[in-house]
Enquirer: 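Mind having a look at this structure? Questions to follow.
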Amino acid sequence: MKNRVLKTVAIGLAAVMGILVCVVAIALVVLQVRTNSLHDNRSHVTEDAELREPVAVDGVEVISQDISCGYAVIEMFSKWDGGSITEESLYDEYGSVVTSTGGSFCDEMNKRFPAYKTSMRKYLTDSELLSALHESLKAGVPVPLEWAAKFGDEWTLHYSLVTGLDLAKDRVVVANPYGYTEELTVDDFLGRTSFEAYENMPLFLRLGFAFGVFEKNTLFIPSRAD
């Protein structure tokens with residue numbers, strides 16, 4: 001009797017594990033399909049005369065993060081906007097980091113900058129992303145984003161602040177709170193917003209994207225509230 005029960009339990013566990021493996025495999029396949037769909041034909045954007053006009057936002061001071069990239073981007077945006085929010089003031093208030101997901105980062109942007117309405121736009125196609133960037137930068141507002149960035153030799157999920165776009169010269173400028181300004185080609189930039197540049201991504205992060213914890217081709221567009 002005992003052996004029969006153990007056998008039944010073992011079969012049940014094996015069935016559950018099989019189902020979980022199938023669910024994970026399907027989620028990863030769907031994620032890859034979704035990632036591939038980001039790369040549309042963007043020629044109507046890159047060849048548009050208006051969108052080829054260079055746009056840039058001045059006055060963004062790049063900092064080296066002490067606590068978190070999310071808090072550092074909020075500090076950079078605050079200083080650009082004439083405020084005094086710092087990483088330390090955010091951490092002292094919460095006692096922790098509360099911007100680990102895109103949704104929570106967007107919530108914090110809206111809380112800290114009521115003069116703006118920040119919208120999280122995720123899984124944009126490449127052409128949608130470039131168009132949205134151009135529109136916001138043309139309005140004079142830098143754009144936070146979620147992308148892949150290297151810290152030393154290690155790839156990370158990271159927040160940064162886009163400050164310039166020049167499609168005619170194939171250039172995107174990003175204030176990276178690892179302490180420097182990056183100038184990238186459009187292809188390199190999109191490779192990092194889609195996280196395809198992230199080499200050997202750990203399985204737990206791939207699952208995070210697959211199950212919606214993290215997002216690709218994601219911008220946080222702050223629009224001035226009227």
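These numbers were taken from a predicted model, which means no experiment stands behind them. Numbering starts at 1 and runs along the sequence shown.
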Enquirer: Give the cluster check for L165 versus V60: same hydrophobic cluster or not, with ILVMFWY residues linked at side-chain heavy-atom distances below 4.5 Å.
Expert: yes
Enquirer: Exactly one of F195, F151, Y178, Y198 should register a ring-ring contact (aromatic ring centres under 6.0 Å, His included) with H158. Which one does?
Expert: Y178
Enquirer: Which heavy-atom pair separates G179 from V62 by the least distance, and what is that distance?
Expert: C-CG1, 3.7 Å
Enquirer: Test your reading of the model: is there a side-chain donor-acceptor pair from S78 to the backbone of S84, 3.5 Å cut-off?
Expert: yes
Enquirer: Report yes or no: does E87 contribute a side-chain atom to a donor-acceptor pair with the main-chain N or O of I67 at less than 3.5 Å?
Expert: yes
Enquirer: Please determine if E93 and K111 form a salt bridge, counting it only when a charged side-chain N lies under 4.0 Å from a carboxylate O.
Expert: yes
Enquirer: Under 4.5 Å between side-chain heavy atoms, hopping through other hydrophobics if needed: is there a path connecting F214 to V73?
Expert: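 No, F214 and V73 fall in different hydrophobic clusters.
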Enquirer: For residues K122 and N217, determine if any side-chain heavy atom of one lies less than 4.5 Å from a side-chain heavy atom of the other.
Expert: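 No, side chains not in contact.
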Enquirer: Between V213 and L207, is there shared hydrophobic-cluster membership here, with clusters defined by ILVMFWY side-chain heavy atoms closer than 4.5 Å?
Expert: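 Different clusters.
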Enquirer: Given 3.5 Å as the limit, does a donor-acceptor pair link the side chain of S136 with the main chain of L133, or not?
Expert: no
Enquirer: Taking only Lys NZ, Arg NE, NH1 and NH2, and the carboxylate oxygens of Asp or Glu, determine whether R192 and E182 approach each other closer than 4.0 Å.
Expert: yes
Enquirer: Determine whether a donor-acceptor pair (N or O, by modelled atom type, separation under 3.5 Å) exists between the side chain of S104 and the backbone of T101.
Expert: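 Present.
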Enquirer: Give, for atom CZ of F189 and atom CG of D126, the distance between the pair rounded to the nearest 0.5 Å.
Expert: 10.0 Å
Enquirer: Hey, can you tell me if Y159 and F105 have their rings parallel, tilted or perpendicular (30° and 60° cut-offs)?
Expert: parallel
Enquirer: How about CD on E135, more than 12 heavy atoms from neighbouring residues, nucleotides or ligands closer than 6.0 Å, or not?
Expert: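 Incorrect, the count does not exceed 12.
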Enquirer: Sub-3.5 Å donor-acceptor pair from the side chain of Y71 to the main-chain atoms of V98, do we have one?
Expert: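 It does hold such a pair.
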Enquirer: Looking at R34 and E215, does any basic side-chain N land under 4.0 Å from a carboxylate oxygen?
Expert: no
Enquirer: So, does T218 use its side chain to make a donor-acceptor pair with the main chain of E146 at under 3.5 Å?
Expert: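 Not confirmed, T218 side chain does not pair with E146 backbone.
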Enquirer: Please report the shortest heavy-atom distance between L31 and A210, naming the atom on each side.
Expert: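 Closest approach of L31 to A210, heavy atoms only: CD2-N, 3.9 Å.
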Enquirer: Is the shortest heavy-atom distance from the side chain of E50 to the side chain of K138 under 4.5 Å?
Expert: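 Yes - at least one pair of side-chain heavy atoms lies under 4.5 Å apart.
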Enquirer: Verify the neighbour count for atom CZ of R112: are there more than 12 heavy atoms of other residues, nucleotides or ligands below 6.0 Å?
Expert: yes
Enquirer: Would you say P177 and M76 make side-chain contact, with heavy atoms under 4.5 Å?
Expert: yes
Enquirer: Looking at D170 and V186, would you say the former's side chain and the latter's main chain have a donor-acceptor pair under 3.5 Å?
Expert: yes
Enquirer: Is there side-chain contact between L145 and S160, with heavy atoms separated by less than 4.5 Å?
Expert: yes
Enquirer: If you round to the nearest 0.5 Å, how far is CD of E199 from CD of E154?
Expert: 10.5 Å
Enquirer: Please assess D187 against T185 for the test side chain to side chain donor-acceptor pair (under 3.5 Å), listing each intermediate value before the final yes or no.
Expert: CA-CA 5 Å; D187 281 342; T185 67; 5.7 Å; no
Enquirer: Would a 4.5 Å heavy-atom cut-off, applied to side chains only, mark L167 and V45 as touching?
Expert: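 The answer is yes; the side chains approach within 4.5 Å.
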Enquirer: Run the side chain to side chain donor-acceptor pair (under 3.5 Å) check on T46 and S43 step by step: do they pass?
Expert: CA-CA 5 Å; T46 56; S43 61; 5.7 Å; no
Enquirer: May I ask you to check whether over 12 heavy atoms, not counting those of K150, lie within 6.0 Å of atom NZ?
Expert: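 Yes, because the 6.0 Å sphere around NZ of K150 holds more than 12 heavy atoms from other groups.
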Enquirer: Less than 4.5 Å apart, side chain to side chain, heavy atoms only: is that true for V172 and V174?
Expert: yes
Enquirer: So is K216 actually on top of Y123's ring, under 6.0 Å and inside 45° of the axis?
Expert: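 Relative to the ring axis of Y123, which defines the angle, K216 lies outside at least one limit.
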Enquirer: Over all heavy atoms of both residues, which pair between I85 and E75 is shortest? Give the atoms and the distance, please.
Expert: O-CG, 3.4 Å
Enquirer: Under a 4.5 Å side-chain heavy-atom rule over Ile, Leu, Val, Met, Phe, Trp and Tyr, are I63 and Y180 clustered together?
Expert: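 Result: no, two separate clusters.
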Enquirer: What verdict does the side chain to side chain donor-acceptor pair (under 3.5 Å) test give for D40 and S127, after you've listed the backbone C-alpha separation in whole Å, the side-chain angles of each residue and the deciding distance to 0.1 Å?
Expert: CA-CA 7 Å; D40 62 341; S127 58; 2.3 Å; yes
Enquirer: Search all heavy atoms of A132 against all heavy atoms of R121 and return the closest pair with its distance.
Expert: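 Taking every non-hydrogen atom into account, CB-NH1, 3.6 Å.
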Enquirer: Does any non-hydrogen side-chain atom of L51 lie less than 4.5 Å from one of S131?
Expert: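 Side-chain contact under 4.5 Å: yes.
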Enquirer: If we ignore hydrogens and angles and just use 3.5 Å, is the side chain of N110 paired with the main-chain N or O of C106 as donor and acceptor?
Expert: yes
Enquirer: Rounded to the nearest 0.5 Å, what separates atom CG in L124 from atom OG1 in T193?
Expert: 9.0 Å
Enquirer: As an exercise, state the distance from CE of M109 to CD1 of I74, rounded to the nearest 0.5 Å.
Expert: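 Going from the CE atom of M109 to the CD1 atom of I74 covers 6.5 Å.
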Enquirer: Under the side chain to side chain contact (heavy atoms under 4.5 Å, CB included) rule, what do Y91 and T86 come out as? Steps first, then yes or no, please.
Expert: CA-CA 9 Å; Y91 190 83; T86 66; over 6 Å; no
Enquirer: Rounded to the nearest 0.5 Å, what separates atom CG in L90 from atom OG in S68?
Expert: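 Atom-to-atom, L90:CG and S68:OG are 8.0 Å apart.
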Enquirer: Hey, are E196 and R206 close enough for a salt bridge, meaning a charged N less than 4.0 Å from a carboxylate O?
Expert: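 Salt bridge: no.
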Enquirer: Determine whether V141 and F77 make a side-chain contact, defined as any pair of heavy atoms from C-beta on separated by less than 4.5 Å.
Expert: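 A side-chain contact under 4.5 Å exists here.
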Enquirer: To the closest 0.5 Å, what do you measure between OH (Y116) and CD1 (I221)?
Expert: 13.5 Å
Enquirer: Given the rule that I, L, V, M, F, W and Y join up when any side-chain heavy atoms are under 4.5 Å apart, are W147 and L190 in one cluster?
Expert: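 Hydrophobic grouping puts W147 with L190.
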Enquirer: What are the two closest non-hydrogen atoms of C69 and L157, and how far apart are they?
Expert: SG-O, 4.4 Å
Enquirer: Work out which heavy atom in S194 is nearest to a heavy atom in G191; give both atom names and the distance.
Expert: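 Between these two residues, the closest heavy atoms are OG-O, 3.3 Å.
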